[in-house]
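Everything on this sheet refers to the single structure shown next.
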Amino acid sequence: QVQLVESGGGSVQSGGSLTLSCVASVDIITRFCMGWFRQAPGKEREGVAAWVATGRTVYADFVKERFTISQDNDKNTLYLQMNNLEPEDTATYYCAADWMTNAGMNPLEWAGDSGHWGQGTQVTVSS
């Protein structure tokens with residue numbers, strides 16, 4: 001069973017930065033895909049950034065050039081560096097592994113409960 005534990009959320013003002021961390025109970029380098037999703041109240045969960053073992057790293061259009069996904073394989077940790085945060089970024093952020101049900105799907109597509117998910121960390125951005 002893969003366990004994912006997120007941390008690093010918090011409250012910041014517009015324009016601020018946060019770095020989210022996700023520690024995995026397994027070697028993340030062995031995962032087919034790992035990434036970050038978010039869910040705001042009343043909205044569907046949406047993909048933010050992800051990498052796929054085939055060599056792809058993808059970002060949602062709404063975070064390009066503001067957010068960066070990275071990893072430390074020795075620490076089995078996935079990161080999301082978030083800069084220039086906006087109030088619209090307010091959401092619960094989830095770390096995920098192996099949610100893709102087939103290799104051809106959009107890595108940022110939420111496929112329901114497929115894969116492994118962390119408990120989420122809250123990010124609140126005030127104007």
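- Residues Phe67 and Trp36 place their aromatic rings such that the two centres sit no closer than 6.0 Å.
- The side-chain heavy atoms of Trp110 and Phe37, taken from C-beta on, include a pair separated by under 4.5 Å.
- The line from CG of Leu85 to OG of Ser11 is 11.0 Å long, rounded to the nearest 0.5 Å.
- For the side-chain contact (heavy atoms from CB on, under 4.5 Å) test with Met82, the passing option among Val63, Val123, Val125 is Val123; the others fail.
- Separation of atoms CE (Met100) and CG (Asp98) is listed at 10.0 Å; rounding is to 0.5 Å.
- Among all heavy-atom pairs drawn from Leu108 and Ala60, the shortest one is CD1-N, 3.4 Å.
- Of the possible polar contacts, one joining the Thr30 side chain to the Asp27 backbone as a donor-acceptor pair under 3.5 Å is found.
- Note that the NE2 atom of His116 and the CZ atom of Arg31 stand 6.0 Å from one another [nearest 0.5 Å].
- In this structure, the separation between OG1 on Thr77 and CD1 on Ile28 is 6.5 Å, given to the nearest 0.5 Å.
- In this structure, the side chains of Pro107 and Arg56 come closer than 4.5 Å at one or more pairs of heavy atoms.
- Here the closest heavy-atom approach between residue Ser25 and residue Gln1 is recorded as OG-O, 3.6 Å.
- The distance from atom CG of Leu80 to atom OG1 of Thr68, rounded to the nearest 0.5 Å, is 8.0 Å.
- One hydrophobic cluster holds both Tyr93 and Val2 under the rule that ILVMFWY side chains link at heavy-atom gaps under 4.5 Å.
- Contact detail for Thr92 and Gly120: the closest heavy-atom pair is CG2-CA, 3.8 Å.
- Closest heavy-atom contact between Ser17 and Asn84: OG-N, 4.2 Å.
- Note: Trp99 and Trp117 have tilted aromatic rings, judged against thresholds of 30 and 60 degrees for the angle between ring planes.
- Follow the hydrophobic side-chain contacts under 4.5 Å out from Met34 and you never reach Ile29; the two are in separate clusters.
- Across all non-hydrogen atoms, the minimal contact from Thr121 to Gly9 is OG1-N, 3.1 Å.
- Here the OH-CZ distance, from Tyr59 to Arg66, works out to 12.5 Å after rounding to the nearest 0.5 Å.
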I'd like a table of donor-acceptor pairs (distance under 3.5 Å, sequence neighbours excluded) in which one partner is a side-chain atom from residues 40-48, with atom names and distances.
from: Arg45; atom 1: NE; to: Gln39; atom 2: OE1; distance (Å): 3.2
from: Arg45; atom 1: NH2; to: Gln39; atom 2: OE1; distance (Å): 3.3
from: Glu46; atom 1: OE2; to: Arg38; atom 2: NE; distance (Å): 2.8
from: Glu46; atom 1: OE2; to: Arg38; atom 2: NH2; distance (Å): 3.3

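- For the pair Val5 and Gln119, the tightest heavy-atom approach, listed with the atom from each and the gap, is CA-OE1, 3.8 Å.
- Side-chain contact check for Ser127 versus Pro87: some heavy-atom pair is nearer than 4.5 Å.
- With a 4.5 Å cut-off on side-chain heavy atoms, Ser126 and Ser14 do not count as touching.
- Residues Val23 and Leu4 form no side-chain contact, since every pair of their non-hydrogen atoms from C-beta on lies 4.5 Å or further apart.
- Side-chain atoms of Gln81 and Leu20, non-hydrogen and from C-beta on, never get closer than 4.5 Å to each other.
- Side-chain atoms of Asp72 come within 3.5 Å of backbone N or O of Lys75 as a donor-acceptor pair.
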Practice task
Using the side-chain contact (heavy atoms from CB on, under 4.5 Å) rule, take Gln122 and Thr90 through it: C-alpha gap first, then chi angles, then the decisive distance, then the call.
Solution key: CA-CA 8 Å; Gln122 178 67 36; Thr90 295; 4.0 Å; yes
Exercise for the section: Starting from the C-alpha separation in whole Å, work towards a yes-or-no answer on side-chain contact (heavy atoms from CB on, under 4.5 Å) for Gln71 and Trp51. Expected result: CA-CA 10 Å; Gln71 65 198 74; Trp51 61 253; 2.7 Å; yes
